[in-house]
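Notes to accompany the following structure.
Numbered from 1 within each chain, the chains take letters A, B, ... in sequence-line order. Note that the structure is predicted; figures quoted are calculated from it, not measured.
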Amino acid sequence: SLSTRLQGITSRLRGSARITEADLDVALREIRLALLEADVNFRVVKDFVARIRERAVGTDLLTGLNPGQQIVKIVHEELVEVLGGSRHHLELDAKPAVLMMVGLQGSGKTTTAAKLAVRLRKEGKRPLLVAADVYRPAAVDQLVQLGDQIGVEVHTRPVGTPALEVARSGLEVARQRGVDVMILDTAGRLHVDDAMMDELVRIVGSVTPKETLLVVDAMTGQESVKVAEAFHARLPVTGLVLTKMDGDARGGAALSIRAATGLPVSFLGTGERTDGLEPFHPDRLAQRILG
Amino acid sequence: LGTGEPATEATWDDVEEALIAADVGATTTLELVDAARERFRASGGRSGEDARRALATEIRDRLAAVGSGAFELGGAPSVILFVGVNGTGKTTSIAKLAARLKGEGHSLALAAADTFRAAAVEQLRIWGEQLGAPVIAQRPGADPGAVAFDAVVAAESRGLDAVLVDTAGRLQNKQQLMDELAKIRRVIERRLPGQPRHVLLVLDATTGQNGLLQAEAFSREAGVTGIVLTKLDGTAKGGVALAVADRLGVPIVFAGVGEEIEALAPFDPEAFVEWLFA
Ligand SMILES: Nc1nc2c(ncn2[C@@H]2O[C@H](COP(=O)(O)OP(=O)(O)OP(=O)(O)O)[C@@H](O)[C@H]2O)c(=O)[nH]1
Ligand SMILES: Nc1nc2c(ncn2[C@@H]2O[C@H](COP(=O)(O)OP(=O)(O)OP(=O)(O)O)[C@@H](O)[C@H]2O)c(=O)[nH]1
Ligand SMILES: [Mg+2]
Ligand SMILES: [Mg+2]
């Protein structure tokens with residue numbers, strides 16, 4: 001882990017009167033490697049390490065006791081600060097409020113849609129799931145089966161109905177039935193697929209979501225920034241869901257995206273079952289990123 | 001880099017940054033750059049173009065050394081087991097490889113051994129229908145080993161050339177899921193010694209350093225013979241696959257380049273290197 005690495009470096013310095021800038025450089029190199037290994041984007045790492053250096057020099061770390069421990073503390077604090085506050089209170093003040101799921105292929109949108117339905121119902125809201133992935137084989141079936149498992153209604157349209165029409169008709173049904181939250185599942189798509197990104201823009205235009213969650217796989221590497229920036233540029237993304245956090249991926253993508261776009265992490269996906277959704281704790285994720 | 005300008009320290013810094021940005025990982029990047037610099041020096045390199053060529057050759061050689069790009073079906077029936085973490089493209093890649101093999105005149109069946117996830121069997125059935133390939137399945141919640149067993153028996157009795165077995169996505173830190181996978185493999189092995197002929201780890205090109213941990217765990221538990229690197233039609237470079245090939249000696253055999261059934265190509269190290277530096 002980073003703390004053990006840094007302890008190792010600075011214990012070798014014990015007994016010396018002070019640690020030099022050169023010693024600090026060694027420590028910063030370790031921090032950089034740890035963050036890259038945790039999949040933090042290399043540009044974000046650069047900025048982050050520069051900020052650590054500033055703080056380290058600024059707090060007279062170089063003359064303090066147990067500098068290794070102090071550096072770890074600074075790094076942890078900075079991480080927590082950047083990762084920012086938790087944001088699991090979705091702003092769903094409309095009736096029906098539309099909550100739209102977007103993201104790359106396979107990130108966990110469909111499963112997360114069902115998890116959110118369970119959570120919102122526990123909070124006393126009446127959800128409707130809308131199956132607007134009209135492309136992937138058995139995608140609608142998948143959401144219908146999940147809806148069946150959790151006892152939440154799923155709005156579908158016949159094969160051949162365009163996604164935009166599924167979303168629009170879903171909203172109509174949600175209004176008619178007095179639904180509180182319409183959870184809209186969409187097809188996975190590439191941020192560089194203009195036609196598919198345009199489709200999302202049109203859907204947004206039609207159903208005006210209150211919340212648009214970008215669903216990102218916790219194991220995403222360096223590309224997290226490019227992907228998040230592209231979605232954020234074209235759509236009113238309000239938060240992130242970082243999925244598959246029950247795995248052992250470090251989740252540096254969260255830091256990358258937060259630093260690059262300011263998007264807050266709203267939830268963590270922590271399992272395949274529909275109860276696998278947790279609110280985000282910045283200090284826990286900071287710990288995990290540091291390893 | 002890549003120009004007639006003299007190569008400087010800054011050139012090699014750029015190289016390092018490009019590889020890191022491509023998810024090759026810091027450790028493998030440093031090794032590659034050292035090796036490339038040695039090659040560059042030994043061949044009297046001067047320009048940025050020489051630097052680029054030295055690196056490209058180094059990467060291509062390492063990929064070739066582990067057999068990347070080669071895929072031989074093997075004698076009938078050849079069992080191909082698809083494994084990997086959740087959402088990487090296993091089910092879609094099975095459909096694509098099946099289409100390819102059918103196009104080459106092979107007879108085959110698909111086995112729906114993901115008995116856990118909602119609509120997993122239905123998803124494979126739809127592909128099977130499109131391909132005109134039989135799908136061997138049981139009830140949801142059935143033992144995946146039993147489905148794999150049925151599939152192997154069917155392949156033998158029908159004299160099929162191949163059977164492609166789909167499994168549920170699973171995270172490598174879930175020991176009981178990895179045990180289940182090892183058991184699926186054993187079931188196939190016991191029924192047909194020498195099988196599965198191929199165990200393909202499906203790896204998403206957007207994956208970061210966790211890809212190495214995935215490859216290690218799946219290799220240990222299921223005996224991975226090759227990698228299918230998917231979603232290369234995005235912007236991710238898939239550099240972690242290079243780290244896996246280099247450090248674990250697993251060849252990259254196929255590249256997934258889209259969601260359609262034709263979007264599978266034999267892995268091309270040359271094209272991969274181009275893509276790394278694009
Ligand atoms: N372990 C674990 N698996 C997850 C989690 N979230 C989703 N999954 C799994 O990841 C895989 C992909 O999930 P989906 O919900 O189908 O992903 P998607 O984004 O809807 O996929 P597309 O619609 O094809 O883009 C499935 O196997 C899910 O069970 C999670 O938090 N933990
Ligand atoms: N763009 C792109 N999408 C792909 C590629 N391969 C698969 N996909 C998409 O990725 C998503 C997940 O594919 P699946 O085949 O369901 O993945 P899986 O590994 O079987 O998922 P689980 O069984 O849930 O673990 C789907 O939306 C696919 O269309 C690819 O090469 N490129
Ligand atoms: Mg989906
Ligand atoms: Mg699958």
Check: A:Asp246 and B:Lys174 side chains under 4.5 Å, non-hydrogen atoms:
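Yes. Closest side-chain heavy atoms under 4.5 Å.
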Flag side-chain contact, heavy atom, 4.5 Å: A:Tyr135 against B:Glu259
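Answer no - side chains too far apart.
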Where do A:Gln105 and B:Lys231 come nearest, in terms of heavy atoms and distance?
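Minimum heavy-atom separation between A:Gln105 and B:Lys231: O-NZ, 3.0 Å.
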Chain B contact via [X] - which portion, at a heavy-atom distance below 4.5 Å:
| X | answer |
| --- | --- |
| A:Lys109 | neither |
| A:Arg32 | side chain |
| A:Leu143 | neither |
| A:Arg189 | neither |
| A:Leu36 | both |

Do A:Lys244 side-chain atoms and B:Asn86 backbone N/O form a donor-acceptor pair below 3.5 Å?
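Confirmed, A:Lys244 side chain pairs with B:Asn86 backbone.
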Would you give the length of the straight line joining atom [atom1] of [X] to atom [atom2] of [Y], rounded to the nearest 0.5 angstrom?
| X | Y | atom1 | atom2 | value |
| --- | --- | --- | --- | --- |
| B:Asp204 | A:Glu223 | CG | CD | 11.5 Å |
| A:Asp248 | B:Asn210 | CG | CG | 5.0 Å |
| B:Gln123 | A:Arg136 | CD | CZ | 4.5 Å |

